[in-house]
Each structure stands twice: as structure tokens, then as C-alpha cells.
Amino acid sequence: MTELREELNLDFPACLEADFPDDLPGARSAFESIAAAIAGADFAPLARRSPALNGFDWRVYLRCSIARMVHAGAALRRRGVLSGRMLDYGSYFGNFALMFARAGFFVDAVDSYRTYENAFDGPRRVLAESGVQLLDFGDVGYDLGELDTHYDVVLCMGVIEHMPSSPRPLLDTLNRVLVAGGHLVIDTPNLVHLYNRQKVARGETVLADLQAQYETELPFEGHHREYTIPELVWLLRRIGHHQISVEAFNYSSYALGTLCARDVHNHWNMVRDPTMREYLMTVSAKPAIGDVAVRDERDWRSLIEDPEQSWLRSLPAVMAEQPTQVDVDRELQIVRVQQNYEAVQHEVNVRDQMIRDLHDRLVHEVQLRDEIIDGLRREQDWMRSGWRRFVIRQPRQRVASAAGSATDRASNERAE
């Protein structure tokens, strides 16, 4: 591909098939099962402590998450991890748990299911039918203190960004229940996602909506803190993990189906530079017993893996001429153009309103003039008709009076 077209059909999820042939069928099947299970469910309890979820389209979210699911499945597959005991910490809808259970893992899924009331009744039923053991944080604790099981794989998908204060208790918990030599898989939004960088360049916040967070029922369960690639790598090294790999990819843009104009340019910029992409996933290993502790000093950039080669092969040649970093000056220029457009549009709106006001006033004045003219015409018609009645009736009245007087005189004379 050499041209940068104004529209780009993402063709999701088929666009992932070439890069994830072994994992896409299972991910799609798990999505379809969970999507069918949530039909008609009331998800209001999810929004009580996370206002951004009000009116959220969960089916679209789950469909887009197929991209997250295939990345997780393929990353473990490349490491030869095809079975074992798995914990899905913060399993929520259970789409990851279901996919791995059907792939042959023995899966435990834990979340605050009682807190969410009946919202997840459908998914829980599907998970149980597939052999997933369901646990509740209300029973085992967020620190899993009541759980004496250890796992070959621990999933923590879309959870770490919801942790208040510090991610340390969470990571300590996940590491503790992981067997020596086991694998930890974490995914989370990228704080320096391209669209976030552009928001900052425009002077906008990338944090949770303040007004919604201020009014929410406590504790707030939205995003407390998102992370960058070097921060995630530091956290994993801090708990002693090694064999760290990082993947960066997009997923929510797939909800659009077709990208247009600026979104196309952003898409290809993110294809070129993984640090600009929307979502991050890390896979790391807890050292096995007997492993010699060796500090990994490699630069975090060398830990990035990029399995979505199809997008790279489709990269338009013209993008090679574009800056490799976000052009903040250009973003600000776009903002200024937008502001100028808004100023001009405001003037146009003011002018149009003046024209409408003048038109309405003119119409009113014309109507008033027509009413006055019509009234004058009625007055003239009435005066003309009244004058004719006066002129015609006046002589007749005089003749009648004269005749009456003459009769009266004649009668008087006869009487005499």
C-alpha cells in the first residue's frame, strides 16, 4: 500500500486472522457465548461506583475485547504454556476465563459478584457449565488470604488501573499465588496513547471525568491510574519477575468499523510506533526454584513484541515521510484552526439570527400595514354606504312629513 486513503475499513475481527489463526476462533466463540448470556441483563449495579459505565454498550466492548483475548492466548502459546491451573483475577464478564477453560486450562474466576447483584448471572452460568470455578472477593478477600491454591498462570486483565493509592498490594497478591516458574499476564490502558497525547496538547485532561467521580458512590471504582510501558516493566522487575515481554495494540477503535480522515492518520501513526497504541499487555515469569537472580538491565524498548504484522505490512509508504513522534505544534495548529472555525461559525450564527430577526420583524410590519390598510378600506366602505343611505332616505322623510302636515290641516278645517 502506498497511498494514504481518507477511509480505512478495519474489517474486524477478520483483520486479526492472519496473525492469530490459532486463537481467534476460541476468542470469537467465547465472545458469542458471553454476549448471548448478557442479553436483557441490568448492568446498573456496575455504574454505581464507576459513573462512566452508565449506558455503556457492553456487547461492543466484549466484541472489541476479542483483540485483547487473542493477544493473551498467543503470548502464552509462544511460551509453550498450553494448559495448567489458571486464576482470572477480576474476571468480570469471564470472557478470558471462558476462552482458556475451553482451551484446556483449569480456571478459577474471582470477582465481586455479590456486589454486582444479578448483573453477571448469565455469564456465571456459562462459566460454570464450562467447568470454571467461580469465587467471590467477599469470601476469599481481595488479597486472596482465604485461598490456599497456587496457579501456573494468573490473569489480571483491565484491573490494575482501578487500584487506588498503590498497585503494590495487588502485585504482591498475584505474585504470592503464582507458582515458581509461573506466568503473570497483565493488560491495561496506555497512559500515553496517541489520543491521550493529543488531548493533553489541546489542554484537556486524560483522567476520569471529575464531576462524575465527585458525585459517585464510594469507593470510586473507575480508573485511578493508567501506566506507560516503562512503568509496567519497572513494576514487574520490582516484584522480581523476569522474561518480561510487552505488547501494545489497539482495540476500542474496532467499534468504529471504518476509520475516516484524521483517525486514519492516527491509526497508521500507531501502527508505526507501538508506544502510541491504546492498550498494553505484559507477560512475565516468576523465577523458578533454583534460578539465579539476575537483574535484567535491558532497555524496555527491547522488550516490545509486535505480533500484529499484518498492519505493519499494510503501512502506506507515504507514512515514512511523516514525523515519528507526535507533532504537538501541528496538534496546536489544529486546535487554533478549530477555534478559528468556531469563532467564524459563531459570527455566522449571529448573522443568521439577525437576518431571522429582521425577517420576522419585516413580516410583522407588513402584516400590521396590511391590517391598517384593510381597516381603512372597511372604514371607507362603511362611510360610503352610510352617506348613500343618508342621501336617499332624507328626501323621502321630508315628503312624508309635509304630507302629514297637510292632512292634519285639512282635518282641522273640516272640524271647524
Quiz item: Going through the checks in order, is the side-chain hydrogen bond (donor to acceptor under 3.5 Å, both in side chains) test met by Asp108 and Tyr89?
Solution: CA-CA 8 Å; Asp108 291 352; Tyr89 186 98; over 6 Å; no
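- Arg68 is listed as a side-chain neighbour of Met157, based on a closest heavy-atom distance under 4.5 Å.
- Under a cut-off of 6.0 angstrom, the local environment of CZ in Arg78 is crowded, with over 12 non-hydrogen atoms contributed by other residues, nucleotides or ligands.
- Under the 4.5 Å side-chain criterion, counting only non-hydrogen atoms from C-beta, Arg77 is in contact with Asp23.
- Under the 6.0 Å distance and 45° angle rule, Arg225 counts as a cation-pi partner of Tyr227.
- Inter-residue side-chain proximity for Asn190 and Glu278 is flagged as unmet; no heavy-atom pair is nearer than 4.5 Å.
- For the pairing with Phe137, the ring pair (Phe, Tyr, Trp, His ring centres under 6.0 Å) check across Tyr92, Tyr113, Tyr142 returns one residue only, Tyr142.
- Between Asp306 and Arg277 there is a salt bridge, since a side-chain N of the basic residue sits under 4.0 Å from a carboxylate O of the acidic one.
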Can I get a per-line list of side-chain donor-acceptor pairs under 3.5 Å for residues 9-17, giving both atom names and the distance, sequence neighbours left out?
{"unit_1": "Asn9", "atom_1": "OD1", "unit_2": "Asp11", "atom_2": "N", "d": "3.2"}

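- Looking at residues two or more places apart in sequence or on another chain, you find a side-chain contact (heavy atoms from CB on, under 4.5 Å) between Val179 and His150, Asp152.
- The closest side-chain heavy-atom distance from Asp19 to Trp311 is not below 4.5 Å.
- Using a 3.5 Å distance cut-off with no hydrogens or angles, the side chains of Ser310 and Arg313 do pair a donor with an acceptor.
- Salt bridge status for Arg48 with Glu117: present, with a side-chain N to carboxylate O gap under 4.0 Å.
- There is a side-chain donor-acceptor pair under 3.5 Å between Thr188 and Glu161.
- In plain terms, the two heavy atoms of Phe220 and Gln213 that are nearest each other are CD2-NE2, 3.5 Å.
- Looking at Glu308 and His71, their side chains do bring a donor and an acceptor atom within 3.5 Å of each other.
- In this model, no donor atom of one side chain and acceptor atom of the other lie less than 3.5 Å apart for Asn349 and Gln353.
- Taking the centre of each ring, His223 and His162 come in below the 6.0 Å mark.
- Of all the heavy atoms in His241 and Asn175, the pair that sits closest is NE2-OD1, 2.7 Å.
- The aromatic rings of Phe93 and Trp58 lie tilted to each other, with the angle between the two planes from 30° to 60°.
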Exercise. Evaluate the criterion salt bridge (Lys or Arg N to Asp or Glu O under 4.0 Å) for residue pair Arg102 and Glu129; output intermediate values, then yes/no.
Key: CA-CA 11 Å; Arg102 289 177 175 177; Glu129 291 171 353; over 6 Å; no
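- Within the 4.5 Å cutoff, side-chain heavy atoms of Asp291 are placed close to those of His242.
- Considering only heavy atoms from C-beta on, Leu235 comes within 4.5 Å of Ile160 through its side chain.
- Between the side chains of Arg237 and Ser284, no donor-acceptor pair of N or O atoms lies under 3.5 Å.
- With no hydrogens or angles considered, a side-chain donor-acceptor pair links Thr275 and Arg197 at under 3.5 Å.
- Looking only at side-chain heavy atoms (C-beta outward), Met319 and His265 come within less than 4.5 Å of each other.
- Two residues are said to be in side-chain contact when any heavy atoms from C-beta on lie closer than 4.5 Å; Ile66 and Phe20 fail this criterion.
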Quiz item: Hey, mind stepping through Glu204 and Lys199 against salt bridge (Lys or Arg N to Asp or Glu O under 4.0 Å) and telling me if it holds?
Solution: CA-CA 5 Å; Glu204 301 172 8; Lys199 283 183 179 179; 5.8 Å; no
